[in-house]
Protein chains: 2
Amino acid sequence: MTVATLASEPSSRDRILDVAEGLFARRGYAGVGMKEVADGVGLGKSSVFHHFASKAELYSAVCARILSTIEDRLVRSLAEGGAPQVRLERLVGELMELLAAHPSYARLLLRSLFEDDDLAGDGPEEQAAQRAIGGIMESMATLLKEGMASGVFRASSVPHVLLLTVGQIAFPFASGEFGQEVLGKDVFDPAQVKRLKKEALELVQFGLVEQGRA
Amino acid sequence: MTVATLASEPSSRDRILDVAEGLFARRGYAGVGMKEVADGVGLGKSSVFHHFASKAELYSAVCARILSTIEDRLVRSLAEGGAPQVRLERLVGELMELLAAHPSYARLLLRSLFEDDDLAGDGPEEQAAQRAIGGIMESMATLLKEGMASGVFRASSVPHVLLLTVGQIAFPFASGEFGQEVLGKDVFDPAQVKRLKKEALELVQFGLVEQGRA
DNA sequence: GTCTATAGGGAGATAGAC
DNA sequence: GTCTATCTCCCTATAGAC
């Protein structure tokens, strides 16, 4: 870990992470070669190995960076306070905007969940990633619990609703060409993102908020 | 394509498809080797190549088989008729049961959507797969449109809701160890499946069905 | 930090005997 | 239909010069 420079040029390390993020998102861990990453950055393959000791380590670093970014955003969002209803709406909206602003995020994260050999190695990056996932899920679970306890949200099983909702929010931004075919337009087009946000918020809200059904 | 035998023993071709389905679901296209598939079936690698000319063809055949199964089930479900509300409830329930009964399905299908080199080759299996996807999505879209036209469903954008809902339904069954950690129990355990179905139905229903909000 | 060269293994696919 | 043997290529990773 080198010290951040004041100059604006991104370090080789960061440029490698950027390229690897895009490739891993599109083709998965096994589908990407280190040579491909190196070519994308404009370096030799050996130079990539100088910054990341192995392909697995590079992958972990990519995942950890994404998860930390998401966790930061969610924690900040929840810290702004407000009624559970308001916090939930803000959280879903910001999460979707974050995923929309970084097309690799949803795709890479969902892919990483599908790997059976989980990234539960013992490297520091893996630990950071696991911690971030834990933080993300626990913040959301806490919010749901509070809302249900106060009667604002419909009583239901927090973990099950959590799992369903995560899929609902993340899938559209991971669905690639499929999503494009369903919508008829690019999923990441601002107008489509806006519409997805609106529909998701209405689905979540009217599905969770108590409204006269005892 | 050989003729189906009356004997109950599955053909080598079917056994290859079974093994490949599980492996592709867990490790993705690039993460699986033909040797691995052959070992799983108990054959030599060359024997697998006798049944499927290439790895890509094997993958397409696996996808096509799954998609046809799902399409059949959905078409049959929708043909049973009933009010849009009833048909939607039945469709979501049956789809989730199908995904729950075949742990590879959701994982493999979501993975296949994430590949950027889509399976849009011109082989017959690819065409069958594409046709099945089209049929599945169109049936669901038609159902939503009918419900909205008759005022039973809240007016909204059919494609966007479709995309969000597909993610909600499929993700839990594709989420693997992540889902297990969130729920504290195996996602495919009958009790968990039942609960997921209940929560999903309530989310979809109260999010779509008009209930006193002009 | 970046490079060339290479080790060592495994991949997809083919040839041809049985 | 299944096998053994093999071809060719590309993979992760390392060695060591600059």
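Within every chain, numbering begins at 1; the chains are lettered A, B, ... in the order of the sequence lines, protein sequences first and strands thereafter.
Counting heavy atoms from C-beta outward, B:Lys197 and B:Lys194 have side chains that stay 4.5 Å or more apart.
Aromatic pair B:Tyr105/B:Phe173: ring centres not closer than 6.0 Å.
In this structure, B:Leu58 places its CG atom 14 Å from C1' of C:dA13, rounding to the nearest Å. The distance from atom NE2 of A:His50 to atom P of C:dT4 is 16 Å, rounded to the nearest whole Å. Residue A:Lys35 contributes atom NZ, which lies 11 Å from atom C1' of D:dC10 at whole-angstrom precision. Summarising the geometry, the separation between OH on A:Tyr59 and P on D:dT12 is reported as 14 Å, rounded to the nearest angstrom. Across the protein-nucleic acid pair, B:Phe52 atom CZ and C:dT14 atom P stand 16 Å apart, rounded to whole Å. Between B:Leu23 atom CG and C:dG12 atom C1' the separation is 16 Å, expressed in whole Å. Atom CD in A:Glu57 sits roughly 15 Å away from atom P in D:dT12 (whole-Å rounding). In this structure, the CG atom of B:Asp39 is 13 Å from the P atom of C:dG10, given to the nearest Å.
Nucleic acid contact for B:Val48: none, since no nucleic acid atom lies under 4.0 Å from a heavy atom of the residue. No engagement by A:Val37 is indicated, since no non-hydrogen atom pair under 4.0 Å with the nucleic acid exists.
Close to D:dT2, at under 4.0 Å from its OP1 or OP2, lies a side-chain N or O of B:His51. Note on A:Ser47: every side-chain N or O is 4.0 Å or more away from OP1 and OP2 of C:dG1.
Scanning atom types as modelled, one donor and one acceptor separated by under 3.5 angstrom connect the side chain of B:Lys45 and the base of C:dG12. Scanning atom types as modelled, one donor and one acceptor separated by under 3.5 angstrom connect the side chain of A:Ser46 and the base of D:dT14.
Under the 3.5 Å distance criterion, the side-chain polar atoms of B:Arg107 are left unmatched by any main-chain donor or acceptor of B:Ser175. B:Lys45 places no side-chain N or O within donor-acceptor distance of the main-chain N or O of B:Gly33, the cut-off being under 3.5 Å.
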Is there a ring-ring contact (aromatic ring centres under 6.0 Å, His included) between B:Phe171 and A:Phe171? Walk through the geometry before answering.
CA-CA 8 Å; B:Phe171 174 72; A:Phe171 174 73; 9.1 Å; no
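Out of C:dT2, C:dT14, D:dA13, the shortest distance to the side chain of B:Phe49 is found at C:dT14. Distance from the side chain of B:Leu43 is smallest for D:dT2 among the nucleotides D:dT12, D:dT2, C:dT2. In the set D:dT2, C:dC3, D:dT12, D:dT12 carries the atom at the smallest distance from any side-chain atom of A:Lys55.
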